[in-house]
> 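One structure is given below, represented as structure tokens, and several questions about it will come after.
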Amino acid sequence: MQLAAGRVALVGCGATGSALASLLARAGVGFLRIIDRDYVEPSNLQRQGLFDESDAAESLPKAIAAARKIKSFNSEIAVEAHAADLTPQNVEELLSSVNVLLDGTDNFETRYLINDFAVSQGVPWIYAAAVASYAVTMTVVPGEMACLACIFPDSPRGIVETCDTSGILNSAVSFIASIVSTEVLKLLLGARNKLRRTLLSYDIWTHDLAEINTAKPRVGCRACALRDFVHLSGEDRPHITLCGRNSVQIHERQRPIDFVEVTRRLTPHGPVRHNEFVLKFWREPYELTLFPDGRAIIKGTTDTAVARSLYAKYVGS
Ligand SMILES: [Zn+2]
């Protein structure tokens with residue numbers, strides 16, 4: 001396969017995701033689908049290389065901002081942006097028709113969803129994470145190598161799951177993105193014998209390096225042996241506390257929002273503004289960001305009940 005014919009879907013376009021998107025777009029991978037649920041904030045700019053201050057000022061969804069930025073340096077490739085949270089309900093729509101799936105997320109719930117989808121469809125995917133100066137990655141070719149559930153039957157506790165409150169060294173992000181994007185090129189170019197068959201973890205500050213062999217699927221693995229894809233049939237989780245963000249996501253079922261009408265209704269209650277992609281409303285000490293499909297991120301609380309009642313009061317119940 002030529003890189004220009006390669007199709008990649010990337011879930012999560014924060015630090016690792018934007019580094020990956022940038023490398024793959026500049027390498028000439030022909031199609032990138034970028035899925036991200038969040039919007040750009042000034043605090044992201046230290047490590048999220050695809051965004052700039054004007055994106056943060058507009059609160060652009062990261063997927064949209066990333067697609068715009070990529071177009072500005074490589075207009076030859078196709079970039080599809082989805083400002084959405086990956087869920088069992090939309091996983092098929094968002095992850096189908098690509099050659100490789102990439103993990104730019106910050107949570108194991110979404111990683112298990114990607115793993116179940118990838119194993120069920122036989123599509124390669126790459127797990128990647130970076131926290132502080134530490135990074136970890138694993139390439140999964142279903143049926144040939146271990147999958148995420150082979151290695152971690154349950155969500156691992158500890159460093160890989162730590163929220164980004166401790167910050168991320170941008171060089172740890174560059175390190176992991178270099179490794180992952182090279183694995184993508186090997187997959188797209190058919191160099192499967194060159195793929196790394198380990199779970200690699202490396203601390204770029206202390207040089208602590210560890211590898212776990214992933215060359216064979218684990219006998220009895222829930223996903224790749226028993227084909228029990230529990231995460232694909234997962235219940236919709238309406239409210240999620242966003243890791244390290246002092247924010248809660250309200251995940252409504254499809255509730256199309258008319259920004260003009262909502263702006264008119266909210267104006268008496270506090271400052272409100274919107275563009276094509278997001279509506280922002282400030283009600284001290286909270287900040288509500290609303291997306292056109294009715295999803296919202298409420299900043300200023302980690303209490304889902306508080307967020308839920310703000311949503312009900314200002315958007316609708
Ligand atoms: Zn497995």
Side-chain angles (χ1 to χ4, degrees), residues 8-12 14-17 20 86 88 91 95 98-164 168 172-173 175-184 186-187 191-204 206-234 243:
V8 173
L10 168 63
V11 184
T16 306
L20 282 172
L86 190 75
V91 66
L95 299 190
V98 294
N99 309 111
V100 186
L101 304 171
L102 296 181
D103 165 26
T105 71
D106 58 4
N107 67 89
F108 263 86
E109 206 162 359
T110 310
R111 289 182 181 123
Y112 282 123
L113 179 58
I114 298 170
N115 187 69
D116 273 12
F117 182 81
V119 173
S120 74
Q121 304 291 313
V123 182
W125 81 280
I126 304 176
Y127 159 48
V131 175
S133 57
Y134 172 88
V136 53
T137 180
M138 168 183 176
T139 301
V140 176
V141 178
E144 271 182 56
M145 313 179 187
C147 79
L148 189 68
C150 290
I151 304 295
F152 301 114
D154 298 302
S155 182
R157 301 281 153 199
I159 190 156
V160 288
E161 232 199 355
T162 307
C163 294
D164 66 0
I168 306 178
V173 171
F175 168 79
I176 206 70
S178 296
I179 291 180
V180 173
S181 63
T182 309
E183 293 285 285
V184 174
K186 295 176 197 172
L187 283 163
R192 290 202 175 189
N193 60 334
K194 301 287 187 210
L195 291 169
R196 201 193 56 264
R197 288 156 203 269
T198 66
L199 172 78
L200 168 72
S201 63
Y202 182 62
D203 189 313
I204 201 164
T206 63
H207 316 298
D208 288 329
L209 182 143
E211 285 187 278
I212 296 171
N213 191 317
T214 59
K216 289 269 179 301
R218 179 171 57 81
V219 174
C221 169
R222 168 191 59 77
C224 54
L226 306 178
R227 302 188 72 75
D228 175 14
F229 302 119
V230 286
H231 298 276
L232 291 181
S233 54
C243 194

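Note that the coordinates shown come from a computational prediction; the quantities given were computed from them, not determined experimentally.
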> Sequence neighbours left out, what passes side chain to side chain donor-acceptor pair (under 3.5 Å) with Asp208? Give chain and number order.
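Listed in chain order: Thr206.
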
> Could you tell me if the side chain of Val91 sits less than 4.5 Å from the side chain of His231, heavy atoms only?
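No, side chains not in contact.
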
> Considering non-hydrogen atoms only, spot the tightest contact between Leu113 and Pro88 and give its length.
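Closest heavy-atom pair between Leu113 and Pro88: CD2-N, 3.8 Å.
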
> Does the side chain of Phe152 reach to within under 4.5 Å of the side chain of Leu199, using non-hydrogen atoms?
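In contact.
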
> Under the side-chain contact (heavy atoms from CB on, under 4.5 Å) test, which residues partner Lys194, sequence neighbours left out?
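If we apply the side-chain contact (heavy atoms from CB on, under 4.5 Å) test to Lys194, skipping adjacent residues, the hits are Lys186, Ala191.
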
> For Phe175, what residues pass the ring pair (Phe, Tyr, Trp, His ring centres under 6.0 Å) criterion, not counting sequence neighbours?
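Phe175 satisfies ring pair (Phe, Tyr, Trp, His ring centres under 6.0 Å) with Tyr202 only.
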
> Specify the closest pair of heavy atoms between Ile151 and Asn213, including all atoms of both residues, with the distance to one decimal.
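The pair with the smallest heavy-atom distance is CD1-O, 4.3 Å.
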
> Got a donor-acceptor contact below 3.5 angstrom from the Arg218 side chain to the Ala149 backbone?
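Flag set: sc Arg218 to bb Ala149 pair under 3.5 Å.
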
> For a quick test of reading the model, state the closest non-hydrogen atom pair linking Ala9 to Leu95 and the distance between them.
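Taking Ala9 first and Leu95 second, the nearest heavy atoms are CB-CD2, 4.2 Å.
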
> Can you name the residues that form a salt bridge (charged side-chain N to carboxylate O under 4.0 Å, His left out) with Arg227, not counting sequence neighbours?
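With sequence neighbours excluded, Arg227 shows a salt bridge (charged side-chain N to carboxylate O under 4.0 Å, His left out) to no residue whatsoever.
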
> Which residues pass the salt bridge (charged side-chain N to carboxylate O under 4.0 Å, His left out) test with Arg222, sequence neighbours left out?
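Counting only residues at least two positions away or on another chain, Arg222 forms a salt bridge (charged side-chain N to carboxylate O under 4.0 Å, His left out) with Asp116.
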
> Minimum heavy-atom separation for Ala15 and Ile168, please, with both atom names.
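The pair with the smallest heavy-atom distance is CB-CD1, 4.5 Å.
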
> For Ala172, which residues count as a side-chain contact (heavy atoms from CB on, under 4.5 Å) partner, sequence neighbours excluded?
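Here the qualifying residues are Leu169, Ile204.
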
> Are any non-hydrogen side-chain atoms of Leu187 and Asn99 less than 4.5 angstrom apart?
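No. Closest side-chain heavy atoms not under 4.5 Å.
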
> Enter the distance from Leu232:CG to Ile114:CD1 here, rounded to the nearest 0.5 Å.
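The CG atom of Leu232 sits 11.5 Å away from the CD1 atom of Ile114.
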
> Minimum heavy-atom separation for Ala223 and Asn115, please, with both atom names.
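Closest pair (atom of Ala223, atom of Asn115, distance): CB-ND2, 4.0 Å.
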
> Glu211: what forms a side chain to side chain donor-acceptor pair (under 3.5 Å) with it, not counting sequence neighbours?
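For Glu211 the side chain to side chain donor-acceptor pair (under 3.5 Å) partners, ignoring immediate neighbours, are Thr198.
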
> Which residues pass the side chain to side chain donor-acceptor pair (under 3.5 Å) test with Asp103, sequence neighbours left out?
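With sequence neighbours excluded, Asp103 shows a side chain to side chain donor-acceptor pair (under 3.5 Å) to Thr105, Arg111, given in chain and number order.
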
> With sequence neighbours excluded, tell me which residues meet side-chain contact (heavy atoms from CB on, under 4.5 Å) with Ser181.
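Scan of Ser181 (side-chain contact (heavy atoms from CB on, under 4.5 Å), adjacent residues dropped) gives Leu20, Leu23, Leu24.
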
> Measure across Ala118 and Leu101 and return the closest heavy-atom pair with its distance rounded to 0.1 Å.
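Scanning both residues, the minimum pair turns out to be CB-CD1, 3.9 Å.
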
> Could you measure the distance from the CD1 atom of Ile126 to the CD1 atom of Ile179? Nearest 0.5 Å is fine.
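It is 10.5 Å, given to the nearest 0.5 Å.
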
> With sequence neighbours excluded, tell me which residues meet side-chain contact (heavy atoms from CB on, under 4.5 Å) with Ala210.
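Listed in chain order: Ser201.
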
> I'd like a table of donor-acceptor pairs (distance under 3.5 Å, sequence neighbours excluded) in which one partner is a side-chain atom from residues 135-148, with atom names and distances.
unit_1, atom_1, unit_2, atom_2, d
Thr137, OG1, Tyr127, O, 2.7
Thr139, OG1, Glu183, OE1, 2.8
Glu144, OE2, Arg192, NH1, 3.2

